[in-house]
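Below is one structure, written out as structure tokens; the observations come after it.
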Amino acid sequence: LMVRVHQAANLFHSLGIGKSDPVAILLPIVPQNFFALLGAISAGIAFPINWMLQPEQIAALLNASGAKVLVALGPTPGFDIWEKVDALEGRVPGLKHILQVKGPGGIAANDFDVLSAAQPGAGLETGRVIDPYDVALFVHTGGTTGMPKIAQLIHRAIAYKCWAYTVLLDQQPWHCGLAAHPMFHIGGIIHHTISWLARGMRNVVLGPMGFRSKNVIRDYWKLVERYRVTDLGGVPTTLGVLAGVAVNADISSLRPYVMTGSAGLPIQVSQYFRDTIGVRILANYGMTENTATIALPP
């Protein structure tokens with residue numbers, strides 16, 4: 001993982017990315033998303049964007065951020081990300097480089113994996129020493145009240161949240177979670193990706209659609225058994241659907257509590273998981289601008 005992160009960071013540096021420059025990311029949950037996200041944070045600023053937004057919204061976010069580099073999923077059945085990238089032509093004059101994560105129908109030009117592989121992976125070529133108050137992330141809000149706004153989050157805030165989650169949720173290196181939350185959402189970025197990796201936890205990537213995949217929901221309990229998952233995952237909507245899926249596997253590896261967020265947790269869903277599954281769902285209150293969680297039940 002660190003080799004791939006360093007290669008991505010060095011690639012972005014070679015394309016002119018410095019500590020104040022954002023790298024935009026339009027990717028579902030694929031391994032390259034992790035490399036691009038952490039590589040961009042190391043070289044400059046990572047700016048993950050909801051790939052389900054419309055081209056005009058994506059263009060507005062790219063222009064507002066001043067992004068020079070974009071990493072996007074190439075032509076792939078079931079996704080229209082590359083078609084949206086094509087629709088950006090002429091709308092984002094500051095965008096200098098578009099790197100493609102090649103899907104099944106992808107092309108070889110500007111292949112993110114190929115270009116990354118040509119870079120050294122033993123460290124950062126920039127020699128950058130990150131200041132705690134350097135901006136690490138641009139994360140856009142949901143856009144429920146107009147155009148999404150861009151929150152600027154610093155390295156110190158992320159480091160603090162990693163420490164806080166370790167304390168509040170007793171994260172341990174032998175714990176295992178499902179990497180199936182959107183990586184353009186603050187909870188997916190900070191809680192389910194960076195804090196887990198910072199603690200050395202195991203992340204199981206279930207596929208590009210994560211919990212949006214019907215197969216993942218159908219086989220959820222079998223996945224828990226197969227990978228000895230300790231941290232049950234899902235936003236309240238996912239948990240509500242999961243409450244209707246019969247338990248057909250050994251789920252004794254699950255810890256007795258877990259955190260969820262992004263929406264209200266229905267009391268019936270909470271009671272089901274507490275009484276039937278044996279897991280207390282802690283509904284956290286958070287904000288993008290606060291680097292995720294603000295308050296959490298004991």
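The figures here come from the full heavy-atom set of this structure, side chains too, leaving out hydrogens, waters and symmetry mates. Counting from 1, the numbers follow the sequence of the chain as shown.
Using a distance-only test at 3.5 Å, with no hydrogens or angles considered, no donor-acceptor pair links the side chain of Ser253 to the main chain of Thr230. Checking side-chain atoms of Trp221 against main-chain N and O of Val245 turns up a donor-acceptor pair under 3.5 Å. Using a distance-only test at 3.5 Å, with no hydrogens or angles considered, no donor-acceptor pair links the side chain of Asn203 to the main chain of Ala179. With Arg274 contributing its side chain and Val279 its backbone, the two residues share no donor-acceptor pair below 3.5 Å. The backbone N or O of Gln268 lies less than 3.5 Å from no partner atom in the side chain of Ser270, so there is not a single donor-acceptor pair. Between the side chain of His155 and the main chain of Pro132, no donor-acceptor pair closer than 3.5 Å is present. A donor-acceptor contact shorter than 3.5 Å is absent between the side chain of Asp219 and the backbone of Val216. With hydrogens and angles disregarded, no donor-acceptor distance shorter than 3.5 Å links the side chain of Gln119 to the backbone of Ser116. Between the side chain of Asp111 and the main chain of Val114, a donor-acceptor pair closer than 3.5 Å is present. Checked by atom type and distance alone, the side chain of Asp231 never pairs as donor or acceptor with a backbone atom of Met259 at under 3.5 Å.
Considering all non-hydrogen atoms of both residues, Val235 and Ser262 come closest at CG1-OG, 3.5 Å.
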(request) In sequence, state the C-alpha distance, the side-chain angles, and the governing distance for Val204 and Leu223, and then conclude on side-chain contact (heavy atoms from CB on, under 4.5 Å). (result) CA-CA 9 Å; Val204 182; Leu223 290 165; 6.0 Å; no

(message) What verdict does the ring pair (Phe, Tyr, Trp, His ring centres under 6.0 Å) test give for His191 and Tyr165, after you've listed the backbone C-alpha separation in whole Å, the side-chain angles of each residue and the deciding distance to 0.1 Å?
(response) CA-CA 8 Å; His191 176 218; Tyr165 286 141; 4.9 Å; yes

(message) Applying side-chain contact (heavy atoms from CB on, under 4.5 Å) to Gln32 and Val71, what does each step give before you reach the verdict?
(response) CA-CA 9 Å; Gln32 291 87 345; Val71 184; over 6 Å; no

(request) Step by step, work out the salt bridge (charged side-chain N to carboxylate O under 4.0 Å, His left out) result for Arg228 and Asp250. (result) CA-CA 9 Å; Arg228 306 308 296 159; Asp250 175 7; 3.8 Å; yes

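With contacts defined as side-chain heavy-atom distances shorter than 4.5 Å, the pair Ile49/His140 qualifies. Counting only heavy atoms from C-beta outward, the side chains of Pro236 and Ile281 never approach each other to under 4.5 Å. Looking at Gln100 and Leu70, their side chains never come closer than 4.5 Å, going by heavy atoms from C-beta outward. Side-chain atoms of Leu62 and Leu88, non-hydrogen and from C-beta on, do get closer than 4.5 Å to each other. Contact of the Val135 side chain with the Leu153 side chain is not registered, since no non-hydrogen atoms from C-beta on lie closer than 4.5 Å. Using a 4.5 Å heavy-atom cutoff, the side chains of Met183 and Leu37 are in contact. Taking the side chain as every heavy atom from C-beta outward, Ile189 and Pro48 approach each other to under 4.5 Å. You'll find the side chain of Ser213 stays beyond 4.5 Å of the side chain of Leu206, heavy atoms only.
Of the charged side-chain nitrogens involved, at least one lies within less than 4.0 Å of a carboxylate oxygen, so that Arg128 and Asp134 count as a salt-bridged pair.
A tilted orientation is assigned to the rings of Tyr160 and Trp163, their planes being inclined by 30° to 60°.
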Please tabulate, for side-chain N and O atoms in residues 11-30, each donor-acceptor pair with protein atoms closer than 3.5 Å (sequence neighbours left out).
unit_1: Ser14; atom_1: OG; unit_2: Leu11; atom_2: O; d: 2.6
unit_1: Asp21; atom_1: OD2; unit_2: Gly18; atom_2: N; d: 2.7

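Atom CZ of Arg156 has 12 or fewer heavy atoms from other residues, nucleotides or ligands within 6.0 Å. The 12-atom threshold is not exceeded at CZ of Arg212, counting heavy atoms of other residues, nucleotides or ligands nearer than 6.0 Å. Heavy atoms of other residues, nucleotides or ligands lying less than 6.0 angstrom from CD of Glu89 number 12 at most.
Summarising the geometry, atom CG belonging to Asn50 is positioned 9.5 Å from atom CG belonging to Leu61; distances are rounded to the nearest 0.5 Å. Interatomic distance, Ile294 CD1 to Leu296 CG, rounded to the nearest 0.5 Å: 12.0 Å.
Checked against a 6.0 Å centroid threshold, the rings of Phe211 and His181 count as neighbours.
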